[in-house]
Asks: 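Below is one structure. I have some questions about it.
In what follows, chains are A, B, ... by sequence order, proteins preceding strands, each numbered from 1.
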There are 2 protein chains.
Amino acid sequence: TVETKELSKYYWMGNEKVAALDAVDMKVEEGGFISVVGPSGSGKSTLLTVIGCLDAPTAGEVYLNGTRVDYRDKKSLVLLRRKFLGFVFQTFNLIPAMTAVENVEYPMYFNKVLKTKSERRAHARKLLAMVGLEKRLEHLPSELSGGEQQRIAIARALANDPKLILADEPTGNLDSGTGKSILDLLKRLNEEEGKNIVMVTHDLESAKRMGKVIRIMDGRIQ
Amino acid sequence: TVETKELSKYYWMGNEKVAALDAVDMKVEEGGFISVVGPSGSGKSTLLTVIGCLDAPTAGEVYLNGTRVDYRDKKSLVLLRRKFLGFVFQTFNLIPAMTAVENVEYPMYFNKVLKTKSERRAHARKLLAMVGLEKRLEHLPSELSGGEQQRIAIARALANDPKLILADEPTGNLDSGTGKSILDLLKRLNEEEGKNIVMVTHDLESAKRMGKVIRIMDGRIQ
Ligand SMILES: Nc1ncnc2c1ncn2[C@@H]1O[C@H](COP(=O)(O)OP(=O)(O)OP(=O)(O)O)[C@@H](O)[C@H]1O
Ligand SMILES: Nc1ncnc2c1ncn2[C@@H]1O[C@H](COP(=O)(O)OP(=O)(O)OP(=O)(O)O)[C@@H](O)[C@H]1O
Ligand SMILES: [Mg+2]
Ligand SMILES: [Mg+2]
């Protein structure tokens, strides 16, 4: 369902070339759960943002559901993301002026699957309860702890019932107990609902429990 | 060197009261290293920001070096922080328009200890090398990975050679190898330079290795 071929992303700082991704070949099978581990700065977030159509590669190709992604066709990228992808950002990227429940509802307006306001609100509340935040619905991001913001970002990624979830260090700000419940949630979405998941994590033990683990170093798969 | 008495911080959301801190008594001895652990939302960041004079408590007192902190005297708070404290934020809080090395130099202007530009730049470069970022000096925060931004935040907290370091989950975005080098750095600053450290972490194993561990839950010390 996700495949990359020779995927590369280079940055030029003056004369120096930074290889964030260097000819990466990887594949996520239908219903697969892949964890990506590697040192800080090794290219994990870059891999996720390129697969997630949020950033264009310098070279190489990405195939989603067998179709090659055309990064020049901005409209198609927006539609792909809306219908198909859920993204949990490493730095959350919540909308500061919206409450927790509004942040989770927000993607639902564009998807037009749930037709009424009350349906969308009920779905958002259910998602926030799944990540343990039922008591924080009306808080703004600035009125929430780091781990609570991270969990809103996770709930929001699930808002449109995506086929592919790209989660960038979804437990980085969570204690082990809360982190485990999030991982259990992801595992359940994968095993019971067949969602494809690519998760970046620094927690190698948890990664091994979830499925296949690929390692990346200096932009290259090991 | 740090002491809190009945320290409390309450928020009112409509009629509901959120107790972020509830009558917290704690003490950091001279040259102490204290780790604070607890579930997401339990009050750890609130404890650090109040001790760090960045936020006023609702009730109770904070003593730094035996002197009670007066939260109404804004000027004294600024001076205290500048001379005495180094703060690593959970969400980094880097200045987006400044490069890595500029972000680390920035606090040094106000402290007036290093008198020349070249002294400040040399010190900033040394601090960034200590956190493994000598090759990223000229990158903006947006041109850096999450863990690299976190490490700039750590280097910046050390810029004015503070007596008290307050580190909010300083390894949350780091792989175990890089995280260990950061913890070794903090341990060395504590043991060889006598710096006082209060570190919030979700990594209980590392916390135990560093020194005393206090647990917080629902705003209360266990
Ligand atoms: N401005 C605010 N208004 C209302 N509630 C708030 C506000 N700021 C924080 N809170 C609440 O206070 C509690 C403690 O927050 P704090 O940031 O200290 O938690 P934490 O222990 O650092 O959590 P984490 O491990 O997730 O970072 C949280 O439940 C949060 O929702
Ligand atoms: N816009 C940019 N310009 C130059 N270099 C960049 C840019 N964005 C990222 N990089 C570099 O690319 C490398 C990979 O970044 P990436 O964010 O993918 O790392 P990561 O594996 O997610 O790290 P972490 O675990 O710290 O989050 C980093 O070394 C970073 O400095
Ligand atoms: Mg990253
Ligand atoms: Mg916190």
Asks: May I ask you to name which of T178(A), T201(A), L174(A) has the most heavy-atom pairs under 4.5 Å with chain B?
Replies: L174(A)
Asks: If every non-hydrogen atom of M13(B) is compared with every non-hydrogen atom of H139(A), which pair is closest and at what distance?
Replies: CE-CD2, 3.5 Å
Asks: In terms of heavy-atom pairs under 4.5 Å with chain B, which of G177(A), G172(A), G14(A), G132(A) leads?
Replies: G172(A)
Asks: With a 4.5 angstrom heavy-atom cut-off, is it the side chain or the backbone of E169(A) that approaches chain B, or both, or neither?
Replies: side chain
Asks: Step through the shown structure and confirm whether more than 12 heavy atoms of other residues, nucleotides or ligands are within 6.0 Å of OH on Y106(B).
Replies: no
Asks: Sort by residue number and list every member of residues 39-58 of chain A having a non-hydrogen atom under 4.5 Å from chain B.
Replies: P39(A), S40(A), G41(A)
Asks: Nearest heavy-atom pair of N173(B) and Q90(A): which atoms, and what distance?
Replies: OD1-NE2, 3.0 Å
Asks: Given that the side chain runs from C-beta out, which part of E143(A) has a heavy atom under 4.5 Å from chain B: side chain, backbone, both or neither?
Replies: side chain
Asks: So does R215(A) have more than 12 non-hydrogen atoms from other groups sitting under 6.0 Å from CZ?
Replies: no
Asks: If you count the non-hydrogen atoms of other residues, nucleotides and ligands that lie under 6.0 Å from NZ in K135(A), is the total more than 12?
Replies: no
Asks: Within a radius of less than 6.0 Å around NZ of K117(B), do more than 12 heavy atoms belonging to other residues, nucleotides or ligands occur?
Replies: yes
Asks: Write down the atom of V18(B), the atom of R136(A), and the distance for their closest heavy-atom approach.
Replies: CG1-NH2, 3.7 Å
